[in-house]
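I have a structure I would like to understand better, so I am pasting it below and will then ask my questions one at a time.
Note on naming: letters A, B, ... go to the chains in the order of the sequence lines (proteins, then strands), and numbering restarts at 1 for each one.
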Number of protein chains: 4
Amino acid sequence: MRRNPSQARSRQTVERIVAAGRAVLAEQGYDAFSTNRVAAEAGVSPGSLYQYFADKDAILTVVIDRYWDEVAEQVAASLSDRIGPEPLGPETLRAMADALLRALEADPALLRVLAQELPQSANRERRAALERRVRDLIATYLAARPNATRRPDVALAAWVIVVAVENVALHWTLDRPAFERERVLDEIVTMVTAYLVA
Amino acid sequence: MRRNPSQARSRQTVERIVAAGRAVLAEQGYDAFSTNRVAAEAGVSPGSLYQYFADKDAILTVVIDRYWDEVAEQVAASLSDRIGPEPLGPETLRAMADALLRALEADPALLRVLAQELPQSANRERRAALERRVRDLIATYLAARPNATRRPDVALAAWVIVVAVENVALHWTLDRPAFERERVLDEIVTMVTAYLVA
Amino acid sequence: MRRNPSQARSRQTVERIVAAGRAVLAEQGYDAFSTNRVAAEAGVSPGSLYQYFADKDAILTVVIDRYWDEVAEQVAASLSDRIGPEPLGPETLRAMADALLRALEADPALLRVLAQELPQSANRERRAALERRVRDLIATYLAARPNATRRPDVALAAWVIVVAVENVALHWTLDRPAFERERVLDEIVTMVTAYLVA
Amino acid sequence: MRRNPSQARSRQTVERIVAAGRAVLAEQGYDAFSTNRVAAEAGVSPGSLYQYFADKDAILTVVIDRYWDEVAEQVAASLSDRIGPEPLGPETLRAMADALLRALEADPALLRVLAQELPQSANRERRAALERRVRDLIATYLAARPNATRRPDVALAAWVIVVAVENVALHWTLDRPAFERERVLDEIVTMVTAYLVA
DNA sequence: GATGAATGAGGTTTCATTCAT
DNA sequence: CATGAATGAAACCTCATTCAT
């Protein structure tokens, strides 16, 4: 099928809507995330929303998916630089935590809404998928090198690490406690490392 | 509360309303938490809500406060049994984590809504207060016994522990991963202990 | 029937309610004139209102009646001092207008509500009755002395005078234009006098 | 107005709403002026009201403004016919009073509500503006020709005249006393004329 | 496809009134 | 008689969604 102009325009409209949804969410919170407001922000009519999205939730889902994809991609990118013999050594760990923190810091307003204000919907599933992916990565790695840890159940260890680190990063970003960023990274690395060899 | 209920009937009505609010929240989610639905569930008229609560949020606040108070009380109770020379030894740690898990397991449906669906409002503040309280407790303990840890910043260490453990307990309760309860407790204790002495 | 204590108490309660109604009306306007607020101000329970008044309007009616009775009485009193051969001479006229103004000035807040905020109800009828009474007085006087005026229809003349003077007094009291009170009285007397002999 | 109606259908809807508001007000009084009732009378859904009006009061304001504008326009039109050397001569006076009466007679039911039942809001201000305008007109005229009156303070005289005449016209229209229309006009003219030269 | 007017169910809240205690 | 808890209709308003143009 050839790319006719109308398809290109459609694509653009979808983009405008998604961008508007994200902006409304980040700047005004979930309460303000009404179809009318999103349409206005996108510069389209309310009716047009329904040409591209089944309902309000569908827009929300795309915004959410994109956000967590971005986060995942940034964390993943921090790994691709240093694929070596010791991917879970302290330096790699620190690089990952640093990347995660940087990704979350990029848009704290949106993060707050996504992490704390959203009804069930897609969000949960999306975030869970991200966790699962990282978890499997770690579990696989640990399983492959028996010396890397003394933990008996590597799947469990991977799960604990992901859940714990995720929340430390999240809380630090959203609550802005008076701890230096570098110190927090230190502690994350220390905790994970100590845990693995304990 | 708008009017402090003197008669027995009043107190009963207030209780019915709060219980109904909690039930609606747990069983139908925050979206369903409408004054009409709560009133219907409580078996009172919509107007009666406003005899005792300034607005919808006031009901929500009471439900939230009660819930976190219950959790705090149960965790605190697990400590009162074992006030000894080593409050942060592995056994005490395990007892606390066990109590926390048990408290959260009591009503996972409600927990899910409180932890994941609620708009800012009172919830955030209430939960933050709980975290702060536990954090201060730990920090004070660590500061008092220099040998208990090698972590340089005890306030930071306390913060990391609370945030990490909280999320592990929360996730295990809500996501029901296929790990045995006892094993999860093992890992929590291991992680905290290893981190402190690292 | 002998005056037992309960009757005396009833009387007192009625007074408290009426006074409360007047106070609420004057201080907070008609919108605030709710049965609950009046009961609270009177220090009785909402239910008690209905022991003495059929409904909310009944309370309003009493407040209105009393107010206009007071006004009427004060204007009438200003006449009783000077019953002579020439009750509508300039001096008497001025005394009446002065008394009216003084009566209205006594409680401008209440006057504003009664004159401008009230729904139909009793108010209209009550105020009309007052006007009618003064009108008849004037008409009777004019009819009795053919030389007092050149106006062909004394009933009409009386009506015009009452309606015109009433509004001048009302407006001056409520809108507080920057005219001296004495000058306004001058003009009222002048207008009426000139009109009558024209 | 919330949205300036571009399509023909929109304008029609706005008109229907305003007309319905006016009808409800005139036929059922201010108490019946609820958004639901106005919407029903207009044959639109309650939500449609809020496409064009910020809230209930905004509808009321338009109804009020239009009404007094109509009155003002009719009175003004009666003057434009006879701009001559003597704008406040008896004939002009009579023409104005006649026009005012005719304007008020057009919709006595609505007049009653606007003049007697409305809460503060826009109405007061609107009517006061009308009075002020006429007052200034008269005062200016009187100031320009010293012979037209013997009254010492022309501003005061203008104010007295406007307030007095307004109420006579209003009362005659609303209370329908048994005086002939022509006679009432006679008396108004007589009163004003006599007052001015007194 | 796009528009934006229209919908209408349902949200929160008030308040005149009733009635068991 | 008095109380005050309870009622419930009805108020204003929002917003996801539809549909004629």
Check your understanding: Going by distance alone, is a donor N or O of one side chain under 3.5 Å from an acceptor N or O of the other, for C:S10 and C:T13?
Key ->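 No pair is found: no donor N or O on one side chain lies under 3.5 Å from an acceptor on the other.
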
**Study point:** Nucleotide E:dG11, atom P - distance to CG of B:D57 in whole Å
**Key:**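 So the two atoms are 16 Å apart, to the nearest Å.
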
Check your understanding: Rounded to the nearest Å, what distance is computed from the CD1 atom of residue D:I59 to the C1' atom of nucleotide F:dA11?
Key ->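 So the CD1-C1' distance, D:I59 to F:dA11, works out to 14 Å.
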
Check your understanding: C:G43 or D:R37: which one's nearest nucleotide on DNA chain F is closer to the 5' end?
Key -> C:G43

Check your understanding: How many angstroms lie between atom CZ of C:R127 and atom CG of C:L118, to the nearest 0.5 angstrom?
Key -> 10.5 Å

Study note, to complete from the structure: Its dot-bracket string being built from Watson-Crick and G-U pairs below 3.5 Å, with | for another strand and [ ] for crossing, DNA chain F has the pattern .||||||||||||||||||||

Review point. Going by heavy atoms closer than 4.0 Å, what residues in residues 46-54 of chain C are next to DNA chain F?
Key: C:P46, C:G47, C:S48, C:Q51, C:Y52

Exercise for review: Report yes or no: does A:S48 contribute a side-chain atom to a donor-acceptor pair with the main-chain N or O of A:V44 at less than 3.5 Å?
Suggested key: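 Checked: no pair found.
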
Review point. Once you round it to whole Å, what is the distance between C1' of F:dT17 and CZ of A:F33?
Key: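 Taking CZ of A:F33 and C1' of F:dT17, I get 15 Å after rounding.
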
Review point. Among the nucleotides E:dA6, E:dT3, E:dT17, which one has an atom lying closest to any side-chain atom of D:T13?
Key: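 Among E:dA6, E:dT3, E:dT17, the one nearest the side chain of D:T13 is E:dA6.
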
Practice item. Specify the separation, in whole Å, of atom CD1 of B:I17 and atom C1' of E:dT12. Key: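 That distance rounds to 15 Å.
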
Practice item. Apply the salt bridge (charged side-chain N to carboxylate O under 4.0 Å, His left out) test between B:R22 and each candidate in B:E70, B:E15, B:E41; give the one that qualifies. Key: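 Testing B:R22 for a salt bridge (charged side-chain N to carboxylate O under 4.0 Å, His left out) against B:E70, B:E15, B:E41 leaves exactly one candidate, B:E70.
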
**Study point:** Heavy-atom pair with the smallest gap, counting every atom of A:V113 and A:L25
**Key:**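 That closest heavy-atom pairing would be CG2-O, 3.3 Å.
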
Check your understanding: Separation of A:Q12 atom CD from E:dA2 atom P, in whole Å?
Key ->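 Atom-to-atom, A:Q12 to E:dA2, this comes out as 11 Å.
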
Review point. Between A:R16 and A:A42, is there a donor-acceptor pair closer than 3.5 Å when you use the side chain of the first and the backbone of the second?
Key: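 Pair found, side chain donor or acceptor close to backbone of A:A42.
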
Exercise for review: For F:dT21 versus E:dG1, give the span between their C1' atoms, rounded off to a whole number of Å.
Suggested key: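 Each nucleotide's C1' atom is 13 Å from the other's.
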
Practice item. Could you state the atom-to-atom distance from NZ of C:K56 to C1' of E:dT18 in whole Å? Key: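 After rounding, the reported distance stands at 17 Å.
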
Check your understanding: Of the candidate nucleotides E:dT13, F:dG4, E:dG4, which contains the atom at the shortest distance from the side chain of A:S45?
Key ->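 Comparing E:dT13, F:dG4, E:dG4 against the side chain of A:S45, the answer is E:dG4.
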
Exercise for review: Kindly compute the distance separating CG (C:L104) from OH (C:Y67), expressed to the nearest 0.5 Å.
Suggested key: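 Atom-to-atom, C:L104:CG and C:Y67:OH are 5.0 Å apart.
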
Point to revise | Nucleotide of E:dT13, E:dT17, E:dG11 approaching C:T35 most closely (side-chain heavy atoms) | key: E:dT17

Point to revise | Donor-acceptor contact below 3.5 Å, side chain B:R126 vs main chain B:W68 | key: no

Check your understanding: Under the 3.5 angstrom rule, does the side chain of A:D55 hit a backbone N or O of A:A58 as a donor-acceptor pair?
Key ->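 Yes.
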
Review point. How many angstroms lie between atom CD1 of A:I17 and atom CG of A:L49, to the nearest 0.5 angstrom?
Key: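 Taking CD1 in A:I17 and CG in A:L49, the distance rounds to 4.5 Å.
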
Practice item. Could you tell me whether B:N36 contacts a base, only the sugar-phosphate backbone, or nothing, with contacts defined as non-hydrogen atoms closer than 4.0 Å? Key: base

Practice item. Nearest whole angstrom, please: distance from the C1' of E:dT13 to the CG of C:D31. Key: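 Atom CG in C:D31 sits about 15 Å away from atom C1' in E:dT13.
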
Check your understanding: Reckon B:S34 touches a base, only the sugar-phosphate, or nothing at all at heavy-atom distances under 4.0 Å?
Key -> sugar-phosphate

Review point. How many Å lie between CG on D:L60 and P on F:dC12, as a whole number?
Key: 11 Å

